[in-house]
Structures are given as C-alpha cells and as structure tokens.
Amino acid sequence: QVQLVESGGGLVQAGGSLRLSCAVSGNVFGHNTMGWYRRAPGKQRELVAAITSGGATTYTDSVKGRFTISRDNAKGTVYLQMGSLKPEDTAVYYCNAGLITSTNLVLPGTYWGQGTQVTVSS
C-alpha cells in the first residue's frame with residue numbers, strides 16, 4: 001500500500017523558515033521524481049519544486065533561491081526547506097510521486113499525501 005505523509009507545516013511570520021517532510025511507503029519512491037505542490041485558496045495547484053531519483057532539481061520561479069528540495073533515498077523521505085517565507089507562500093502543501101519527461105516536464109503521479117498547511121503572516 002502506498003502512503004505519502006507530509007509534516008512540518010505551521011504558522012510562521014514573514015521572513016521565517018519551515019521544513020516540510022514527506023515520508024513515503026510503498027514501492028513508489030526509488031525511481032520516481034518527487035514533487036512538492038501547493039494549493040492556495042482560490043488558486044490552482046502548482047508545482048513548487050521537484051527532485052529526480054538522481055537528485056536533479058527544479059523550482060518554480062517564485063521560490064528560487066528561497067526553497068530547497070532534497071531527498072533521502074535510504075529513508076524514503078523528501079524534504080522542502082523553505083526560507084524567507086512570504087504571505088503569498090500560504091497554501092496547503094502536498095507531496096507527490098511522479099515522473100519527469102524527456103523534455104524535463106514534471107508530471108504528477110497517482111499518489112498524493114494529505115497535505116500540510118503553511119500559513120505565513122505579514
């Protein structure tokens with residue numbers, strides 16, 4: 001059974017930091033591109049960051065230089081270190097086991113976590 005469990009969200013002031021974790025069980029971690037997505041109120045879900053099984057990373061422009069995605073293959077866990085947080089980063093953050101195409105397009109897979117709320121106050 002595949003499970004993705006996010007943790008680490010919370011309430012933080014602008015300029016602060018948080019680290020999200022996603023623990024993955026089941027046979028979807030090793031060869032998958034892991035992604036962090038977020039959905040803010042009234043907005044569509046967006047890809048925030050992704051990391052391939054080989055460690056290559058990609059970020060949406062709005063978080064470049066502030067967020068860092070990493071993975072621990074031995075633990076089956078993916079992390080999102082978030083710094084210099086802004087109120088516009090407020091959203092529910094989800095992790096996903098997906099894939100990356102030959103043209104470097106990250107596509108979400110079937111399995112999602114339950115999400116963790118990140119709220120950044122101004």
Side-chain angles (χ1 to χ4, degrees):
Q1 183 178 357
V2 176
Q3 282 190 314
L4 292 82
V5 181
E6 300 98 338
S7 61
L11 173 64
V12 64
Q13 289 188 331
S17 300
L18 283 174
R19 188 174 86 151
L20 306 184
S21 299
C22 175
V24 183
S25 60
N27 191 28
V28 295
F29 186 85
H31 300 292
N32 281 79
T33 291
M34 299 301 301
W36 281 99
Y37 294 76
R38 66 186 178 188
R39 188 192 300 270
K43 295 187 178 180
Q44 290 188 330
R45 184 185 66 203
E46 67 168 339
L47 175 66
V48 176
I51 184 167
T52 69
S53 57
T57 59
T58 185
Y59 299 90
T60 191
D61 286 346
S62 63
V63 307
K64 285 180 180 177
R66 300 190 298 121
F67 291 11
T68 301
I69 189 171
S70 61
R71 63 192 291 164
D72 185 330
N73 290 332
K75 294 183 177 179
T77 302
V78 60
Y79 305 96
L80 186 68
Q81 179 68 48
M82 305 187 295
S84 301
L85 283 161
K86 304 175 181 180
E88 51 264 44
D89 295 318
T90 295
V92 179
Y93 284 71
Y94 301 88
C95 69
N96 175 267
L99 58 87
I100 190 164
T101 70
S102 59
T103 56
N104 293 326
L105 178 64
V106 177
L107 298 177
T110 303
Y111 302 103
W112 294 88
Q114 82 288 350
T116 186
Q117 176 71 48
V118 172
T119 303
V120 184
S121 63
S122 57

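Values below: every heavy atom of this structure, side chains too, minus hydrogens, waters and symmetry copies.
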Mind checking whether [X] and [Y] sit in one hydrophobic cluster, side chains of I, L, V, M, F, W, Y counted as touching below 4.5 Å?
X	Y	result
Val106	Tyr59	no
Leu20	Val120	yes
Leu18	Tyr37	no
Trp36	Tyr111	yes
Leu47	Leu105	no

Carefully, step by step, assess Gln13 and Leu85 under the rule side-chain contact (heavy atoms from CB on, under 4.5 Å). CA-CA 8 Å; Gln13 289 188 331; Leu85 283 161; over 6 Å; no
How long is the gap from [atom1] on [X] to [atom2] on [Y], to the nearest 0.5 Å?
X	Y	atom1	atom2	answer
Gln81	Ile69	CD	CD1	12.0 Å
Leu80	Thr68	CG	OG1	8.0 Å
Ser62	Glu88	OG	CD	8.0 Å
Ser53	Asn73	OG	CG	7.5 Å
Arg38	Cys95	CZ	SG	15.5 Å

Could you tell me whether the side chain of [X] and the main chain of [Y] form a donor-acceptor pair under 3.5 Å?
X	Y	answer
Asn32	Met34	no
Glu6	Gly115	yes
Arg71	Thr33	no
Thr116	Ser7	no
Asn96	Gly113	no

Check whether any side-chain heavy atom of [X] lies under 4.5 Å from a side-chain heavy atom of [Y], and answer yes or no.
X	Y	result
Thr110	Val2	no
Tyr79	Asp72	yes
Leu11	Gln117	no
Met82	Val63	no
Arg66	Asp89	yes

Look at the aromatic rings of Tyr93 and Phe67 and report parallel, tilted or perpendicular, splitting at 30° and 60°. tilted
List the atom of Ser84, the atom of Ser17, and the distance in Å for their closest heavy-atom pair. N-OG, 4.5 Å
Check this for me, if you would: do Lys64 and Asp61 make a salt bridge, where the nitrogen-to-carboxylate-oxygen distance has to be below 4.0 angstrom?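 Looking at Asp61 together with Lys64, the answer is yes, because their closest N to O distance falls below 4.0 Å.
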Take Thr58 and Asn104 through the test side-chain contact (heavy atoms from CB on, under 4.5 Å) and record every step on the way to the result. CA-CA 9 Å; Thr58 185; Asn104 293 326; over 6 Å; no
